[in-house]
> 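Just dropping this structure here.
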Amino acid sequence: MITSDSKFPPLTHVFKPMAHQLEIFNRTKDLEYYGLFWDMGAGKTKPLLDTMTYLFLTGKIDGVLIISDKGAYLNWPLEEIPKHVQPEIKEVMRIAKWTTNPTKAEARILHKMHKAEDNV
C-alpha cells in the first residue's frame, strides 16, 4: 500500500498524451471498472498505463493482470511500459509471462522481461 510518506512522486505523464487519451484518462481514472474498446492503433495503451500508474500511486491497486494475444504480449514489457511508465514505478515492477512449453527464444525473452527496463 502506498502511504503519504511514499517514495513515489505524483503521476507524471512521461509522454504527453494526445487529447483523446487525456480525456479518457480523466473520465475513467477513478472508476471501479470500464472497457476501452477503441480500434487497433487508436492509442489504447497510453491511457491504460497512465491509469495503472495513477491507481498504484494512489494506493488503489498493487498489481495488474494483462491478458494479450501471442502477437502483442511482448510489446507491453519491452516497449510500452519502458516508454510510458515513469522510472520510479518501473523500479518496483515485476513482469512474468506464463506458457506451458516456452521455446528457447521465448525463454530468453521471458528472462529479460521479468523486470521492465529500458532496452538501451
> Given side chains that start at C-beta, do those of Val85 and Met52 come closer than 4.5 Å, heavy atoms only?
yes

> Taking only residues two or more places apart in sequence or in another chain, which ones pass side chain to side chain donor-acceptor pair (under 3.5 Å) with Asp30?
Tyr54, Lys60

> Applying salt bridge (Lys or Arg N to Asp or Glu O under 4.0 Å) as the test, list every pair that has at least one member in residues 10-24; sequence neighbours left out.
Glu23-Arg27

> Nearest 0.5 Å please: distance from the CG atom of Asn26 over to the CD atom of Gln21.
12.0 Å

> If only atom types and distance count, is the side chain of Glu91 paired as donor or acceptor with the main-chain N or O of Glu88 below 3.5 Å?
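Not at all, since once roles are kept as given, no pair shorter than 3.5 Å links the two residues.
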
> Is there a side-chain contact (heavy atoms from CB on, under 4.5 Å) between Phe56 and Val64 once you walk through the steps?
CA-CA 9 Å; Phe56 174 76; Val64 175; over 6 Å; no

> Could I get the full list of side chain to side chain contact (heavy atoms under 4.5 Å, CB included) partners for Leu36, not counting sequence neighbours?
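For Leu36, the residues satisfying side chain to side chain contact (heavy atoms under 4.5 Å, CB included) (neighbours in sequence not counted) are Ile24, Tyr34, Trp38, Lys44, Pro47, Leu48.
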
> Applying ring pair (Phe, Tyr, Trp, His ring centres under 6.0 Å), name anything that partners Phe15, two or more places apart in sequence or on another chain.
His84

> Not counting sequence neighbours, list each pair that qualifies as a salt bridge (Lys or Arg N to Asp or Glu O under 4.0 Å) and has a residue in residues 49-59.
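Matches after skipping sequence neighbours: Lys46-Asp50.
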
> Do Leu49 and Val92 land in one hydrophobic cluster if side-chain heavy atoms of ILVMFWY residues count as linked below 4.5 Å?
yes

> Taking atom CG of Leu55 and atom NZ of Lys29, what is their separation to the nearest 0.5 Å?
9.5 Å

> Can you tell me how far CD of Glu80 sits from OG1 of Thr45, rounded to the nearest 0.5 angstrom?
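So the gap between those two atoms works out to 4.5 Å.
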
